[in-house]
Number of protein chains: 2
Amino acid sequence: MTRRYKITLAYDGTNFAGFQVQPNQRTVQSVLEAAVNKMSKNSDYITIYGSGRTDAGVHALGQVVHFDFPHDIPAEGMLKGLNSMLPLDCEVVGCEIVPNDFHARFTTHGKRYMYRVSRGRFTNPFKRFYTGHYKYPLDIEKIKEAMPDLVGTHDFSSFVASGSQTKNHVRTIYEATVREDKENDEIIFEFCGNGFLYNQVRIMVATLLEIGNGKRPVHDFLRLYEVKDRNECRETAPASGLYLKEVYYD
Amino acid sequence: MTRRYKITLAYDGTNFAGFQVQPNQRTVQSVLEAAVNKMSKNSDYITIYGSGRTDAGVHALGQVVHFDFPHDIPAEGMLKGLNSMLPLDCEVVGCEIVPNDFHARFTTHGKRYMYRVSRGRFTNPFKRFYTGHYKYPLDIEKIKEAMPDLVGTHDFSSFVASGSQTKNHVRTIYEATVREDKENDEIIFEFCGNGFLYNQVRIMVATLLEIGNGKRPVHDFLRLYEVKDRNECRETAPASGLYLKEVYYD
């Protein structure tokens with residue numbers, strides 16, 4: 001009899017080649033599978049299922065994964081055991097035993113992402129891996145005016161990276177906010193939605209910054225939903241500013 | 001005719017083997033000298049003089065250095081030029097042309113250091129290089145009560161690392177504060193003084209944490225000034241939490 005564990009993970013994406021296992025690469029999935037399989041000792045190989053991938057350099061505050069474990073370990077013991085074996089750039093921040101019909105990827109209702117933009121003329125040494133840097137002028141009021149255009153159900157074909165396999169580009173955004181963190185000289189975006197396409201958040205952020213910079217009209221998103229053309233949104237904000245903040249389940 | 005430039009530097013110490021030039025090591029001085037000498041083109045080799053060393057892993061928000069430059073470049077042009085050539089973990093945050101009797105090391109009146117302690121059961125992946133982590137119980141009130149014992153002129157022989165060449169261990173601390181950053185679950189120390197011995201701040205922080213943990217009496221500093229014995233203070237807080245915040249001149 002196996003038990004299903006739901007794990008909430010925080011990781012610094014800087015030194016990972018993304019979430020998903022790849023040959024000869026250090027990924028979040030590979031270091032976590034190594035830790036879980038070390039704990040299970042000599043049982044069959046245990047595979048980790050994530051809520052979705054994150055790219056190289058993208059961070060997580062609340063990535064969720066599940067796996068089936070052959071031994072009876074309390075959730076608290078699993079959390080401590082994994083943290084004692086994981087490298088310091090990946091931390092288990094939550095662990096619970098869940099019913100066997102829970103699935104990290106297929107039973108999620110949505111996700112929340114944060115994007116940190118650092119300002120200033122030059123890259124701050126302490127933020128180079130943890131923000132996207134934008135040194136050009138920005139009118140934050142224009143960005144604030146554009147944000148409501150993102151909320152709702154839209155065809156995001158203009159905002160999907162060319163590598164995406166997904167045919168259906170319609171997604172719903174429940175909440176899209178921007179705020180200035182004046183003390184740290186940052187602009188912080190948050191997006192909560194039922195799902196996001198490959199690179200969608202980073203392309204949306206780059207487009208919002210172009211609106212703030214005056215390169216695009218404030219309500220250009222409304223046009224971009226219609227034209228359905230990635231060539232209209234060529235810029236992608238850097239991976240370093242993106243954080244998977246929360247994954248929602250029932 | 002050379003001009004003397006005073007440069008204020010911020011750097012992420014994680015990937016530097018400290019400030020000072022060492023053979024076959026990446027140091028702050030070596031990357032800065034490389035940039036300055038590239039700007040000076042084919043003149044004699046230009047040496048950088050820092051306000052003092054920082055150890056491997058120690059950060060700076062306001063390290064100060066000076067050098068003499070053979071060409072007439074405005075301070076603003078020097079700042080831009082150096083930042084275009086420096087790696088992203090080192091940034092020039094200030095530049096001015098100063099009289100030839102300014103010396104980054106010999107004319108300083110004091111320094112300010114900050115030390116960030118992160119709390120929590122496990123190391124936060126985003127703080128592993130930027131704080132010292134202390135997971136044991138702490139009574140912050142005890143630490144607050146101890147802080148005034150640090151202010152004033154004392155013999156810090158109990159707080160100097162064995163590698164130090166300095167014979168005179170008397171230093172003056174003008175200000176010593178501690179505050180809780182509850183939002184980020186950190187405890188932040190600041191120390192301002194006329195000068196600090198090798199590892200002094202890190203040994204003082206480790207001792208203050210032992211006071212907060214109840215391993216030492218609150219006013220143990222008064223005894224430690226008298227006994228003048230490093231064996232009484234064996235612990236040294238990690239380099240990753242230490243920041244050289246400001247260097248003072250007239």
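Chain naming here is simple, since letters A, B, ... match the order of the sequence lines and numbering starts at 1 in each.
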- Note on the structure: Given A:Asp89, A:Val92, A:Asn124, the one with more heavy-atom pairs under 4.5 angstrom with chain B than any other is A:Asp89

- Around A:Lys80, counting heavy atoms of other residues, nucleotides and ligands shown, do more than 12 lie under 6.0 Å from its NZ? no

- Whatever's closer than 4.5 Å to a heavy atom in chain A on B:Lys127 counts as neither

- Separation between CG of B:Leu86 and OG1 of A:Thr123, rounded to the nearest 0.5 Å: 11.5 Å

- So with a 6.0 Å cut-off around CZ of A:Arg105, is the heavy-atom count from everything else above 12? no

- Top residue by heavy-atom pair count (under 4.5 Å) with chain B, among A:Leu61, A:Asn83, A:Thr14? A:Asn83

- Message: Within a 6.0 Å radius of atom CZ on A:Phe69, are there more than 12 heavy atoms belonging to other residues, nucleotides or ligands?
- Response: yes

- Query: Looking at A:Leu79, A:Leu88, A:Val93, A:Leu82, which hits side-chain contact (heavy atoms from CB on, under 4.5 Å) with B:Phe122?
  - Reply: A:Leu79

- Under 6.0 Å from the CZ atom of B:Arg53, do we count more than 12 heavy atoms belonging to anything else shown? no

- Query: For B:Pro125 and A:Ala10, which heavy atoms make the closest approach, and how far apart are they?
  - Reply: CG-O, 3.5 Å

- Item | Atom pair CZ/CD of B:Arg121 and A:Glu91 - distance to nearest 0.5 Å | 9.5 Å

- Is it the case that more than 12 heavy atoms not belonging to B:Tyr136 sit under 6.0 Å from its OH atom? no

- Query: Should the heavy atoms of other residues, nucleotides or ligands under 6.0 Å from OH of B:Tyr249 be counted, would the total exceed 12?
  - Reply: yes

- Item | Aromatic ring pairing B:Phe126/A:Tyr130, orientation class (parallel under 30°, perpendicular over 60°, tilted between) | perpendicular

